[in-house]
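Okay, structure first, notes after.
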Amino acid sequence: MMDLPCIQWQDYVAQKWTVLDPELKEKFTTLLEIDDVFKCSLTLTTQEDLDFVQSISAAYSVQKEAQQAAKCREKGNSSFKIRDFTVAALHYSQGICVNPLSSEQLSLCYANRSAALYHLQHYQDSLKDIDRALKHGYPSHLSHKLEDRRTQCLRHLSVDQKGKDNPGSKNPTDGGKGTSVGPLSFGICPQAVVGCSPEKGRHLVAVERIAAGDVLLHDRPYSCVLIPGMEEVRGKGGRQDAEGGVEHRRCHRCLTETLSPVPCEGCSYTRYCSTSCQRDAWEEHHQWECSLGADLMVMGVMSQLALRVTLKAGLKNIQMAKEPIRNEHTEPESRDSKPPDPCASHYGDTYRSVFHLQHHLNRHSPCVRFLSAITIATLYLKLSKAGPPPASWDISRPLQANSHPPDEEGGIGAAWNSELWLMGSVVLRHMLQLRCNAQAIITLQDTGAENSPVQSSREICIATAMFPTLSLLNHSCCPNTSLAFSTGTHLSADFSESVAEMRSKASGVTVAVRAANDISPGQEILHCYGPHSRRMATQERQCFLQEQYYFLCQCEACTLQQQSEEEDGPEGRQQCSSVGGNPQSGLLCGKCKGSLNRSSEERGKGFICSQASCGHCVALSEVNQRLQEIKQDLKKAVDLMERERPGDSEKPKYEALRLLRRTQSPSALSLAETHPLQGELEDATARAYATMGDWSNAASHLERSAVAIGNQYGKESIELGRQLFKLAQLHFNGGARGPALSVIPRVRKLLCLHCGPQCEELQELQAMEDCLTA
């Protein structure tokens, strides 16, 4: 998991803890303040630790190399030749990012990318790349090609502008789809307030009735970091050998998706959607991160996010955030008028709200605490050699008496030690906070071929963030909210630079929290931290939450399921622990098609048919083997469909169908219609039939898939809404007017509930409905 330091570093620090002197272990374990933990970790961090980081960071090099850039350009040329212009642009972009500024390859990569962008009709971006290619020394004897392309781009833009100027046409800069740059109001809705109690800490409570679908809060992250390698790039033929993952096609500041990133001039890794984001990121954090890019990859996303939050805050904000705590300890005479606990207050989306999130120092295990402290201490020592601090870390006033630095070492001046020591201590604070307060930013990724007749997608985690207001929400295994993230990914490529930058600043990364059902006054507003009652057993959920978040969940789902298990005894417990807390395992007996349940006599070793007249037993090893065979066939079938290109023979489609049918062959067990894997099989089968134009069969299988999705995620879930949206597409493509019109209202309701009335799918639904009722 990229959020944590790399495995080599985790193992190294674990060994360091194992051999640590028992007295030092005892001292470290008993420290109660983060400042003291950081001071102690500094004394335990050695040059050997720095050398080890240096040795493993070589595998994460962020140096620019002309030779590597040439290879990227060659890959781009190969994709360009087969007219896979999206993947070609990504390869050229990677070549631009790894190219030294003085390399001749840079101008060639810009020129080639301008050609790919032209074919993708991204004319403004193509023009920019033409200018960049010429600026970086594009060969003069070839420049006529660029000038011809410039003329063509300008001609297309002129035609487009004339179309926009016609009466009745929609100008995208005047409120067109996905182009609004108006300010978004952030904060909590008037129908909810922040509460605080010893048991729940800060939390959100409804004070008025909130209707399902209403927005409860809008929030933006104080900072976020992309997770490397979390997205496969797909072009016309599905899976392609494109350069890396999500970090290569999204802005590293606002997460906007782009095919023409602006590279960092210092490292090969970081890139941006615009010069505005590049400039803001440099001033905020990247001027320090740039030279440490490989080291930060070793230390993990959470370490980097903790550092970014601290750098963005700056010394002044940190000193202000610490003041309430300091005043509470330095005024013992005012005990009768004790000031409010800052940890019980909420300060909007300011840094103070972030600073006072719970860090749970004394609840982290000694090993986790030691890993975090040594990691941040090592990072501190790296930073101390990186040059002068950012402007936000100028000493604006003397540090208070209780913020003194450790003894000076290595000739570093007292002022430097004061600044960086405080920085290191605060970075450690945020690192510990993130274990319980980090929020994954989720987005939908297309998984099918570019021109697939039916939309296919899956959720992926693209970044880790710290949200000041979203962090107020406590967990429930049956939440009453739904989260929708926005990263500004639908910005048209033909906006001018100024409009693009304004949009980037206006939106960036945001999250909207909506009520998933009606919420009554006095009811707490809750969302799910991961373990959901529909997909995980009670005991498993509670163990996970206790280990990760340090609380025993007593939400409505946990309480009701515990009561049910107690009433039903051992038999009820073993049934509810089978799959997702549901009483059935989702497996059917191969003989009588009755449901298979875990055997109570041999707990964990097998399944037995629920029909007393049958009593057929299946060993756990046999169940696991059969499930593995089904998953392998499913993967092979999906790969065949996603690799398919226009013009290919029908053979891959029929081979995919053959593999999917093989999963239904008779055996000792089969999957119930509600089993999640059965839902995936039906979905894949529907895709196979859709690629053949057999809309009726495709719709039939997708309807069965929707049954499994509804059982797994709920009848009012966004997951079911997306599946039914695909079903509406199939009915529409097949000309099935009645079935399409019957499913569209249900889809509309679910999409409005979770995504709001402005989501793009609703516009497509409306277009389908208008066409069918015309």
Side-chain angles (χ1 to χ4, degrees), residues 1-4 184 186 217-231 245-258 261 264 269-274 276-290 293 296-297 299-314 317 348-351 353-355 357 426-427 429-431 433-445 459-473 483-489 491 503-513 527 529:
M1 182 178 179
M2 290 302 298
D3 276 7
L4 299 174
L184 183 64
F186 293 98
L217 67 86
H218 272 120
D219 199 13
R220 53 191 164 194
Y222 192 81
S223 193
C224 63
V225 174
L226 279 166
I227 301 175
M230 292 302 290
E231 182 179 29
V246 63
E247 71 275 19
H248 288 123
R249 65 183 305 169
R250 288 185 182 270
C251 175
H252 284 220
R253 183 173 184 272
C254 73
L255 308 189
T256 295
E257 194 167 18
T258 176
C264 170
Y269 177 71
T270 308
R271 60 209 69 190
Y272 304 97
C273 63
S274 64
S276 174
C277 270
Q278 180 193 44
R279 181 180 59 251
D280 292 345
W282 182 261
E283 294 174 356
E284 184 180 283
H285 58 259
H286 194 61
Q287 59 180 307
W288 270 29
E289 286 185 357
C290 189
L296 289 169
M297 299 280 272
M299 295 177 184
V301 167
M302 284 194 181
S303 300
Q304 187 173 4
L305 179 54
L307 174 63
R308 279 194 186 179
V309 170
T310 306
L311 290 171
K312 179 179 178 179
N317 282 325
D349 61 357
T350 66
Y351 175 70
S353 290
V354 173
F355 185 86
L357 291 171
V426 174
V427 173
R429 178 189 187 93
H430 293 318
M431 176 76 166
Q433 287 174 332
L434 283 167
R435 183 171 173 86
C436 297
N437 292 284
Q439 173 64 53
I441 295 177
I442 307 295
T443 189
L444 282 179
Q445 176 204 14
E459 285 189 341
I460 59 166
C461 173
I462 63 169
T464 299
M466 184 176 272
F467 286 88
T469 306
L470 181 60
S471 296
L472 292 171
L473 270 61
L483 273 59
F485 294 94
S486 171
T487 60
T489 55
L491 180 63
R503 171 65 186 275
S504 173
K505 286 188 173 183
S507 59
V509 184
T510 62
V511 61
V513 180
H527 86 116
Y529 291 0

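Quick caveat, the model's predicted, so the values are computed rather than measured. No hydrogens, no waters, no symmetry mates; every other heavy atom, side chains included, goes into these values. Sequential numbering from 1 along the given sequence is applied to the chain's residues.
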Test item: [X] and [Y] side chains (from C-beta on) under 4.5 Å apart, heavy atoms:
{"X": "V513", "Y": "T469", "answer": "no"}
{"X": "D3", "Y": "V301", "answer": "yes"}
{"X": "D219", "Y": "P468", "answer": "yes"}
{"X": "V309", "Y": "L434", "answer": "no"}
{"X": "Y272", "Y": "R279", "answer": "no"}

Q: Determine, for Y351 and K312, whether the Lys NZ or Arg CZ falls below 6.0 Å from the six-membered ring centre while staying within 45 degrees of the axis.
A: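 Geometry flag: not set, cation outside 6.0 Å or 45°.
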How long is the gap from [atom1] on [X] to [atom2] on [Y], to the nearest 0.5 Å?
{"X": "I442", "Y": "I460", "atom1": "CD1", "atom2": "CD1", "answer": "8.5 Å"}
{"X": "M431", "Y": "S303", "atom1": "CE", "atom2": "OG", "answer": "3.5 Å"}
{"X": "T510", "Y": "L255", "atom1": "OG1", "atom2": "CG", "answer": "10.5 Å"}
{"X": "C436", "Y": "L357", "atom1": "SG", "atom2": "CG", "answer": "10.5 Å"}
{"X": "L217", "Y": "L473", "atom1": "CG", "atom2": "CG", "answer": "6.0 Å"}
{"X": "R271", "Y": "C251", "atom1": "CZ", "atom2": "SG", "answer": "11.0 Å"}

Closest non-hydrogen atom pair between [X] and [Y], with its separation:
{"X": "C224", "Y": "V509", "result": "SG-CG2, 4.3 Å"}
{"X": "I441", "Y": "A465", "result": "CD1-CB, 3.7 Å"}
{"X": "C277", "Y": "R253", "result": "O-CD, 3.5 Å"}
{"X": "M302", "Y": "A438", "result": "CE-CB, 3.9 Å"}
{"X": "E247", "Y": "L226", "result": "CA-CD1, 4.0 Å"}
{"X": "W282", "Y": "C290", "result": "CZ3-CB, 4.0 Å"}

Q | F485 and Q439: CA distance, side-chain angles, deciding distance, side-chain contact (heavy atoms from CB on, under 4.5 Å) verdict | A | CA-CA 11 Å; F485 294 94; Q439 173 64 53; 3.7 Å; yes
All ring pair (Phe, Tyr, Trp, His ring centres under 6.0 Å) counterparts of [X], not counting sequence neighbours:
{"X": "Y269", "result": "H252"}
{"X": "H285", "result": "none"}
{"X": "Y529", "result": "H475, H527, Y549"}
{"X": "F467", "result": "none"}

Q: Answer yes or no: is there a donor N or O on one side and an acceptor on the other, between the side chain of Q433 and the main chain of V354, under 3.5 Å?
A: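 Indeed, once roles are kept as given, a pair shorter than 3.5 Å links the two residues.
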(Q) For R308, give me all partners under salt bridge (charged side-chain N to carboxylate O under 4.0 Å, His left out), at least two apart in sequence or on another chain. (A)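 Partners of R308 under the salt bridge (charged side-chain N to carboxylate O under 4.0 Å, His left out) test: E289.
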Q) Tell me, which pairs form a salt bridge (Lys or Arg N to Asp or Glu O under 4.0 Å) where one or both residues lie in residues 459-468, sequence neighbours left out? A) E459-R722
**Q.** side chain to side chain donor-acceptor pair (under 3.5 Å) against T270, all qualifying residues, sequence neighbours excluded
**A.** none
